[in-house]
Amino acid sequence: MPTRRNFILAAGLLTLAPCIWAQSPNGSTSNILVLGDSLSAEYGIRRDSGWVGLVQQRLSQSNLPYTMRNASVSGDTTSAGLSRLPAALQRHQPSIVILALGSNDALRGLPLEMTQANLEKMMALSREAGAVPVLVGMRMPPNYGRSYAEAFASMYDTLAQNQQAPLIPFLLEGVATRPELFQPDQMHPTEEAQPIIADNVWTVLNTVLKRQP
């Protein structure tokens with residue numbers, strides 16, 4: 001059975017110093033901004049070994065003119081992400097924004113309505129800045145209450161449908177039920193898990209890139 005920690009993973013309420021960095025390979029002409037929490041901020045693993053860096057490698061190998069800009073901060077809620085997004089948009093002027101937030105809201109017991117509203121605002125801000133928002137789904141374990149877990153998961157589906165936005169169904173698909181892919185804290189994925197996470201992101205992101213002008 002998957003554990004509670006294996007599902008929530010890490011959004012990093014207990015720790016964590018901010019991690020804000022950027023990959024800048026030669027020849028990149030457009031930015032992809034990642035706004036997430038510790039699942040995206042390389043917590044506990046080597047720099048450049050996380051899923052964001054692995055996606056950058058695929059972009060470079062495919063000769064696609066994009067640079068990943070990682071503005072993820074461990075412990076971030078959607079409220080914190082919303083407060084930081086305008087400056088990040090101004091700084092990086094992305095063509096795509098990947099929104100990978102929400103787990104910390106659930107860990108803190110924040111109302112789903114607030115989480116949904118914050119994500120909606122971030123998607124609207126991204127569009128106003130000329131970027132395509134890509135929503136990343138998160139999940140909670142059934143021991144939070146089946147109705148709550150289902151409502152949390154469906155929130156992302158509803159948002160993606162209402163906003164007509166691309167959705168990565170679950171960031172940790174293929175990882176959450178495998179304890180061996182977590183660090184000793186049993187919250188944060190290991191370096192070995194990152195290629196699986198990168199696959200989950202790339203499957204959707206690659207489709208979005210093909211639609212870009």
Side-chain angles (χ1 to χ4, degrees), residues 9-10 19-42 45-72 81 85 88-89 92-103 119 122-139 153 155-178 181 189-213:
L9 303 163
C19 173
I20 305 178
W21 54 276
Q23 312 263 350
S24 300
N26 293 332
S28 293
T29 59
S30 298
N31 290 328
I32 299 173
L33 177 66
V34 180
L35 196 71
D37 49 39
S38 59
L39 294 178
S40 306
E42 295 187 327
I45 59 176
R46 292 179 302 137
R47 182 58 58 90
D48 298 343
S49 66
W51 71 262
V52 178
L54 296 179
V55 169
Q56 179 64 73
Q57 291 178 22
R58 294 195 182 191
L59 291 168
S60 299
Q61 291 166 0
S62 301
N63 294 317
L64 292 171
Y66 292 91
T67 299
M68 300 293 286
R69 303 289 182 177
N70 196 349
S72 300
L85 181 58
L89 290 171
H92 298 298
Q93 300 183 3
S95 59
I96 296 171
V97 177
I98 299 176
L99 299 170
L101 290 166
S103 292
L119 290 169
M122 283 187 276
M123 296 168 80
L125 286 173
S126 299
R127 286 198 172 103
E128 289 172 9
V132 176
V134 176
L135 188 62
V136 180
M138 303 293 180
R139 294 181 188 173
M155 174 186 68
Y156 292 94
D157 294 328
T158 299
L159 269 172
Q161 292 174 8
N162 290 346
Q163 298 292 321
Q164 296 184 335
L167 173 67
I168 297 164
F170 181 31
L171 184 65
L172 299 174
E173 187 68 45
V175 174
T177 58
R178 298 176 61 184
L181 292 179
T190 62
E191 191 171 315
E192 290 72 24
Q194 301 304 311
I196 300 174
I197 301 172
D199 283 344
N200 295 335
V201 174
W202 182 254
T203 297
V204 175
L205 179 60
N206 191 36
T207 300
V208 175
L209 294 175
K210 291 177 179 177
R211 296 173 182 168
Q212 289 293 97

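Please read these numbers as outputs of a predicted model, since none were measured by experiment.
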Let me confirm one number: the [atom1]-[atom2] distance from [X] to [Y], rounded to the nearest 0.5 Å.
| X | Y | atom1 | atom2 | value |
| --- | --- | --- | --- | --- |
| Leu64 | Gln56 | CG | CD | 10.0 Å |
| Ser40 | Leu101 | OG | CG | 7.5 Å |
| Asp48 | Met68 | CG | CE | 12.0 Å |
| Leu99 | Ser126 | CG | OG | 5.0 Å |

Which residues pass the side-chain contact (heavy atoms from CB on, under 4.5 Å) test with [X], not counting sequence neighbours?
| X | result |
| --- | --- |
| Ala193 | Val175, Leu181, Pro189, Thr190 |
| Asn206 | Trp202, Lys210 |
| Ala129 | Leu89 |

Would you name the heavy atoms of [X] and [Y] that are closest together and state the gap between them?
| X | Y | result |
| --- | --- | --- |
| Trp51 | Gln194 | N-OE1, 3.0 Å |
| Ser103 | Asp37 | CB-OD2, 4.3 Å |
| Gly81 | Met122 | C-SD, 3.9 Å |
| Thr203 | Thr207 | O-OG1, 3.3 Å |
| Arg127 | Pro133 | CG-CD, 3.7 Å |

Leu135 and its side-chain contact (heavy atoms from CB on, under 4.5 Å) partner, picked from Asp157, Leu159, Ile98: Leu159

Polar side-chain atom of Ser72 near backbone of Ala41 as donor-acceptor pair, under 3.5 Å: no

Find out whether [X] and [Y] are in side-chain contact, i.e. whether some heavy atom of one side chain is under 4.5 Å from a heavy atom of the other.
| X | Y | result |
| --- | --- | --- |
| Leu39 | Val136 | no |
| Leu59 | Leu209 | yes |
| Leu54 | Ile197 | no |
| Val55 | Val34 | no |
| Gln161 | Thr158 | no |
| Leu119 | Gln163 | no |

Please determine whether side-chain contact (heavy atoms from CB on, under 4.5 Å) holds for the pair Glu173 and Arg139, giving the CA-CA distance in whole Å, both sets of side-chain angles, and the decisive distance to 0.1 Å. CA-CA 10 Å; Glu173 187 68 45; Arg139 294 181 188 173; 3.7 Å; yes

Steps toward side-chain contact (heavy atoms from CB on, under 4.5 Å) verdict (Leu85, Leu33): CA-CA 10 Å; Leu85 181 58; Leu33 177 66; 4.0 Å; yes

Evaluate the criterion side-chain contact (heavy atoms from CB on, under 4.5 Å) for residue pair Leu125 and Val97; output intermediate values, then yes/no. CA-CA 10 Å; Leu125 286 173; Val97 177; over 6 Å; no

What residues, two or more places apart in sequence or in another chain, satisfy side chain to side chain donor-acceptor pair (under 3.5 Å) together with Gln93? none

Name all pairs fulfilling the salt bridge (charged side-chain N to carboxylate O under 4.0 Å, His left out) condition that reach into residues 190-202, sequence neighbours left out, sorted by first residue then second. Arg46-Glu191, Arg58-Asp199

Worked verdict on Val132 versus Arg211 for side-chain contact (heavy atoms from CB on, under 4.5 Å): CA-CA 10 Å; Val132 176; Arg211 296 173 182 168; over 6 Å; no

